[in-house]
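Everything numeric in this text was worked out from a predicted model, so none of it was measured. Side-chain atoms are counted along with the backbone in the values below, which use heavy atoms only and exclude waters and symmetry mates.
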Amino acid sequence: TPNLTLPSPTPTSNHSPPPQNLRPCKSHLALLPPSVPLHSSNNAALPLLQGLGIARVRLYDPEPGVLRAFAKTGIELYVGVPDQCLAAVAEPAGATSWLKDSILRYLPDTKIVALTVGNEVLTGNDTALTRNLLPAMESLHGALAAANLDKQIAVTTAHNLGVLGTSYPPSAGAFRKDLLQYLCPILDFHAKTGSPFLVNAYPYFAYSDDPKGIHLDYALLEPSNPGVPDANTGLHYPNLLVAQVDAAYHAISAANSAAARVVEIRISETGWPSAGDANEKAATPESAARYNSNVMRLVAEWKGTPLKPNVPLRVYVFALFNENMKPGPASERNYGLFKPDSTPVYPLTYKPAHGDFTPGGNSTGGDNDYYDISAASREPTGMTLWVIASFLAAFAHSRVHMP
């Protein structure tokens, strides 16, 4: 196997929410057709989540029907503050009002554990959003503190890995110089509040950009791949995903050494498409099955990265459902584990120590062998999966057409 490179991925803003001008901050779109209630036979989304034992879900929007549906399920939610709300919530009064209207009314029955302010704002080339990002985070945290909820609900934001100017080798990881003025104070905020630094990490894009320089098995997280050494640190990288995370850790250290001692990185999106256009040759059901199975394996092992071996990898997989109405390349419509009718897109088998797991079926070792569905515990129970699906596609987009 030749030496492999880890180019800094530069995808456009992938998996972005619906157009902002269609979604005013004070009102909520019906993200599922009114004729398709959450528990209907046409959309068994919540039962599907519960059947899979998924304990944590990410939503882009605080859609009222969805938040009510998660009441008393014990499922922990990361709830998005849409981009078009940032200007309003950047002011303390606006943050207090938004929190009251969009979040507080669903507590404590719905278990909301974090607010994600915007999505990939710093790489979106919107200067107004960029200026409002940190003030919005600070105002929302202040409003939560005033409601005595700041220890219960974290405030963070998700970044495209395009915030990195350098990512190979991981030890050379560094943020883009033009973004340091925004990222350094954001890192101070994370260090002060204890909230995680979120990254949307997609080995698929890095491989697609350089299929001759990156081995497919390395991008698919295959344990049989020999991996890639980092000569600067002597660390060995078994797969591209952990290399991307450590590149971000090194970038944090280079930008803000104080924050680097306490800030944890979590993967707010990752995934692999099961189909694509003719030029998207890596988007196949076989590769998607291998990638997502290996993500499950990595998370279930409760291990960290080579740089942070004692910080377990925490991941949201994009996405639960395919989005058959989404514009753009065909791959954008094919990240889901399931079709809108809840049938699997491809056979996805995860093989832990005690048996097999197949979505839609039962694990051979019993439910508690593989999933921690208790919202009260952060410690692994048996072969615990931290998270296996981000609920972005079904509930946070209006582009899933239900037959």
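Surrounding NZ of Lys308 are more than 12 heavy atoms belonging to other residues, nucleotides or ligands, all under 6.0 Å away. The local environment of CG in Asn125 is sparse, with at most 12 non-hydrogen atoms from other residues, nucleotides or ligands closer than 6.0 Å.
Across Leu144, Thr193, Asp150, a single residue satisfies side chain to side chain contact (heavy atoms under 4.5 Å, CB included) together with Val155, and that is Leu144.
When all heavy atoms of Ala191 and Val262 are compared, the pair lying nearest together is CB-CG2, 3.7 Å. Here the closest heavy-atom approach between residue Cys184 and residue Ala255 is recorded as SG-O, 3.5 Å. Between Pro223 and Arg297, the shortest heavy-atom contact is CD-NH2, 3.6 Å. Closest of all the heavy-atom pairs between Ile214 and Ala206 is CD1-O, 3.5 Å. For Trp98 against Pro82, the heavy-atom pair with the smallest separation is CZ2-CD, 4.5 Å.
With a 6.0 Å cutoff to the six-membered ring centre and a 45° limit on the axis angle, Lys339 does not count as a cation-pi contact of Phe321.
Counted by atom type alone, Tyr78 and Ser268 present zero donor-acceptor pairs between their side chains at under 3.5 Å. Looking only at atom types and distance, the side chain of Tyr60 has no donor-acceptor partner in the side chain of Asp83 under 3.5 Å away. Thr130 and Thr127 are not linked by any side-chain donor-acceptor pair at a separation below 3.5 angstrom, with hydrogens and angles left out of the test.
For the pair Ser97 (side chain) and Ala93 (backbone), a donor-acceptor distance under 3.5 Å is absent. A side-chain donor-acceptor contact under 3.5 Å links Asp246 to the backbone of Leu307. Asn200 places no side-chain N or O within 3.5 Å of a backbone atom of Asn160 that could act as its donor or acceptor partner. A distance-only check finds a donor-acceptor pair linking the side chain of Trp272 to the backbone of Ala282 [under 3.5 Å]. In this structure, the side chain of Arg58 does not engage the main chain of Val317 through any donor-acceptor pair within 3.5 Å. Side-chain N or O atoms of Ser287 include none that pairs as donor or acceptor with a backbone N or O of Ala283 at under 3.5 Å. Under a 3.5 Å cut-off, the side chain of Asn225 and the backbone N or O of Gly227 do form a donor-acceptor pair. Formation of a donor-acceptor pair under 3.5 Å by the Thr110 side chain with backbone atoms of Leu67 is found in this model. A donor-acceptor pair under 3.5 Å is absent between the side-chain atoms of Ser195 and the main chain of Thr156, judged by distance alone. Asn256 contributes a side-chain N or O that, together with a main-chain N or O of Ala259, makes up a donor-acceptor pair within less than 3.5 Å.
Contacts of Asp178 classified as side chain to side chain donor-acceptor pair (under 3.5 Å), with partners at least two apart in sequence or in another chain: Arg176. Scored by the ring-ring contact (aromatic ring centres under 6.0 Å, His included) test, Phe197 finds His159, His190 as partners (sequence neighbours excluded). Here Glu264 pairs with Arg266 under the side chain to side chain donor-acceptor pair (under 3.5 Å) rule; sequence neighbours left out. For Glu280, the side chain to side chain donor-acceptor pair (under 3.5 Å) partners two or more places apart in sequence, or in a different chain, are Ser331.
Sequence neighbours left out, the pairs with a member in residues 217-236 that pass salt bridge (Lys or Arg N to Asp or Glu O under 4.0 Å) are Asp217-Arg290, Glu222-Arg290. The salt bridge (Lys or Arg N to Asp or Glu O under 4.0 Å) pairs that include a residue from residues 164-175 number zero, where partners must be two or more places apart or lie in different chains.
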Walk me through whether Tyr207 and Tyr204 qualify under ring pair (Phe, Tyr, Trp, His ring centres under 6.0 Å). CA-CA 5 Å; Tyr207 173 79; Tyr204 168 76; 7.9 Å; no
Step-by-step side chain to side chain donor-acceptor pair (under 3.5 Å) determination, Tyr335 to Asn322: CA-CA 6 Å; Tyr335 274 85; Asn322 274 342; over 6 Å; no
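Side-chain contact between Tyr202 and Leu241 is absent, with no heavy atoms from C-beta onward closer than 4.5 Å. The shortest distance between side-chain heavy atoms of Tyr291 and Asn239 does not fall below 4.5 Å.
A salt bridge is absent between Glu323 and Arg333: the closest approach of a Lys/Arg side-chain nitrogen to an acidic carboxylate oxygen does not fall below 4.0 angstrom.
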